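Before we start, here is the structure in question, set down as structure tokens.
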Protein chains: 2
Amino acid sequence: MSVESSRRQKQQAALGQLLQLAMLINEDMEHGLGRVGLTPSRATLVWELLHLGPSTQRVLAEAIGVSPRNVTGLVDALVDTGFVVREPHPTDRRAALVSFTEHGARIAEQLKRDGEQLADDLFADMPDGQFSALVKGFDVLMARLCELIAQAKEKEAQR
Amino acid sequence: MSVESSRRQKQQAALGQLLQLAMLINEDMEHGLGRVGLTPSRATLVWELLHLGPSTQRVLAEAIGVSPRNVTGLVDALVDTGFVVREPHPTDRRAALVSFTEHGARIAEQLKRDGEQLADDLFADMPDGQFSALVKGFDVLMARLCELIAQAKEKEAQR
DNA sequence: TATTGTTATACTCTATAACTATA
DNA sequence: TATAGTTATAGAGTATAACAATA
């Protein structure tokens with residue numbers, strides 16, 4: 001077995017680990033969401049609403065990258081479960097402004113704290129040097145990945 | 001701003017980066033799957049079938065972690081699109097053996113090669129030292145995460 | 001009696017297209 | 001004419017429960 005093939009195998013193991021890590025974190029977060037009565041998609045909307053403030057569904061659709069029709073369903077569900085309300089837009093009678101109920105605002109803040117807690121749980125015990133090396137690796141991977149995606153898009157556009 | 005709070009912020013940024021990295025990789029893979037006519041769930045079944053060889057639906061259900069009913073739908077779809085066939089089980093007349101068509105086997109092998117290619121694209125340019133540090137970070141994170149999940153499970157079991 | 005896979009039913013997320021009310 | 005959000009329709013993934021055929 002050559003040195004190159006060994007590195008290859010390590011690279012595949014690394015990709016596998018990265019994917020598994022992501023899967024486990026997602027499952028963990030999803031589990032936490034379920035405990036407060038949110039699904040991942042609804043939580044994404046709640047998250048955006050926390051950062052945007054009261055917004056039209058159109059704005060929310062663009063923020064979370066789904067169709068306007070889809071947002072109707074997510075907002076319907078969040079209204080039914082008491083997280084948000086639709087209010088009339090002050091100047092545009094076609095539009096509705098989505099904003100938090102008290103309960104929704106409380107849960108949104110809790111999601112924020114939960115995220116902070118998770119980051120702390122994952123990284124707090126890591127020595128500074130190891131942590132910086134990991135972040136540096138993330139940076140490099142992200143840059144490389146964006147490069148790959150841009151290349152792929154270019155190729156597709158040529159067709 | 002204290003040193004501690006700065007580290008906190010970096011930790012959150014790191015978690016955000018990890019999640020975004022995972023999201024981008026998943027989107028990229030999903031895009032590739034779409035090009036060969038597979039959805040993520042169906043591809044997971046194809047992937048398991050590649051590693052298990054011809055299997056009953058029950059075995060597949062446990063391998064991919066979904067209900068037997070769900071596997072029925074996935075196999076139906078993969079039969080309709082020409083990736084797999086159901087064959088009678090040689091000794092158990094209740095069960096069906098799912099196995100690849102020629103086309104399915106070819107695509108499954110291609111998925112494997114695509115994964116290898118992606119790992120190469122992502123990591124090949126990384127110096128050995130940086131790569132090892134990154135893998136070490138993944139190891140530590142994975143261990144920490146499994147610890148956290150185990151703790152959470154224990155707490156839930158107490159209720 | 002237990003197991004394999006099905007039918008029946010339901011919920012979530014997603015999309016496009018056609019339509020209504022309003023700009 | 002364009003935009004905001006809806007109804008209508010469709011497809012994918014997921015689940016539980018009841019039931020068939022077979023072990």
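Values below: all heavy atoms of this structure, side chains included; hydrogens, waters and symmetry mates excluded. Order of the sequence lines fixes the chain letters, A, B, ..., with proteins taken first and strands second; residue numbering starts at 1 for each chain. Keep in mind it's a predicted model, so treat the numbers as computed, not measured.
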request  = Answer whether the closest heavy-atom distance between the side chains of A:Glu27 and A:His31 falls below 4.5 Å.
outcome  = no

All pairs passing side-chain hydrogen bond (donor to acceptor under 3.5 Å, both in side chains) where residues 62-71 of chain B contributes a residue, at least two apart = B:Arg58-B:Glu62

Where A:Ala108 and A:Phe100 come nearest, the two heavy atoms and their spacing = CB-CZ, 3.7 Å

message = Whole angstroms only, please: what is the CG-P distance between A:Leu97 and D:dA4?
response = 12 Å

Report all interatomic pairs (protein N or O, nucleotide N or O of nucleotides 7-9 of chain C) with separations under 3.5 Å.
| from | atom 1 | to | atom 2 | distance (Å) |
| --- | --- | --- | --- | --- |
| C:dT7 | O4 | B:Arg69 | NE | 3.2 |
| C:dA8 | N6 | B:Arg69 | NE | 3.3 |

inquiry  = Does any part of the side chain of B:Arg86, heavy atoms only, come nearer than 4.5 Å to the side chain of B:Asp76, both counted from C-beta?
reply    = yes

Find every protein N or O atom lying less than 3.5 Å from an N or O atom of nucleotides 11-13 of chain D, and list the pairs.
| from | atom 1 | to | atom 2 | distance (Å) |
| --- | --- | --- | --- | --- |
| D:dA12 | O5' | B:Arg42 | NH2 | 3.4 |
| D:dG13 | OP1 | B:Thr39 | OG1 | 2.1 |
| D:dG13 | OP2 | B:Arg42 | NE | 3.1 |
| D:dG13 | OP2 | B:Arg42 | NH2 | 3.4 |
| D:dG13 | O3' | B:Ser41 | OG | 3.0 |

query = For residues 102-116 of chain B, which residue pairs qualify under side-chain hydrogen bond (donor to acceptor under 3.5 Å, both in side chains), counting only residues two or more places apart or in two chains?
reply = none

remark   = Students should find that the hydrophobic cluster of B:Leu97, defined by side-chain heavy atoms under 4.5 Å apart, otherwise consists of none

message = I need the CG-P distance between A:Asp80 and C:dC13, as an integer number of Å.
response = 12 Å

query = After noting the C-alpha distance and the side-chain angles of B:Leu111 and B:Leu38, does the key distance pass the side chain to side chain contact (heavy atoms under 4.5 Å, CB included) rule?
reply = CA-CA 10 Å; B:Leu111 293 187; B:Leu38 286 172; 4.0 Å; yes

request  = Please report the closest heavy-atom contact between A:Gly82 and A:Thr101, naming both atoms and the distance.
outcome  = O-OG1, 2.7 Å

note = Interatomic distance, CG@B:Leu141 vs CG@A:Leu24, rounded to 0.5 Å, equals 11.0 Å

request  = Any pair with a residue in residues 128-148 of chain A that passes ring-ring contact (aromatic ring centres under 6.0 Å, His included), sequence neighbours left out, goes on the list, sorted by first then second residue, please.
outcome  = A:Phe123-A:Phe131

task = Would you check if A:Ile25 and A:Met29 make a side-chain contact, meaning some heavy-atom pair closer than 4.5 Å?
result = yes

Table please: side-chain donor-acceptor pairs of residues 44-53 of chain B below 3.5 Å, with sequence neighbours left out.
| from | atom 1 | to | atom 2 | distance (Å) |
| --- | --- | --- | --- | --- |
| B:Thr44 | OG1 | B:Pro40 | O | 2.9 |
| B:His51 | ND1 | B:Trp47 | O | 2.9 |

task = Mind grabbing the angle between the end helix axes of the helix from C:dG5-D:dC19 to C:dA23-D:dT1? Five pairs an end, 10° rounding.
result = 10°

key: Stretch residues 44-62 of chain B: residues that reach within less than 4.0 Å of DNA chain C through a heavy atom   = B:Thr56, B:Gln57, B:Arg58

request  = For residues 132-149 of chain A, pull every pair meeting side-chain hydrogen bond (donor to acceptor under 3.5 Å, both in side chains), keeping only residues two or more places apart or in separate chains.
outcome  = A:Asp139-B:Gln17, A:Arg144-A:Glu147

task = Look at the side chain of B:Thr56 and the backbone N and O of B:Ala96, then say whether any donor-acceptor pair between them is shorter than 3.5 Å.
result = no

ask   = Okay, side chain of A:Ser55, backbone of A:Leu60: is any donor-acceptor separation there less than 3.5 Å?
value = no

query = What parts of residues 21-32 of chain A reach DNA chain D, counting only heavy atoms under 4.0 Å away?
reply = none

ask   = Any idea which heavy atoms bring B:Met126 and B:Leu134 closest together, and the distance?
value = CE-CD2, 3.8 Å

key: Check: B:Gln11/B:Arg7 side-chain N/O donor and acceptor closer than 3.5 Å   = yes

Could I get a table of every N or O pair under 3.5 Å where one atom is in the protein and the other is in nucleotides 18-23 of chain D?
| from | atom 1 | to | atom 2 | distance (Å) |
| --- | --- | --- | --- | --- |
| D:dA23 | OP1 | B:Arg93 | N | 2.7 |

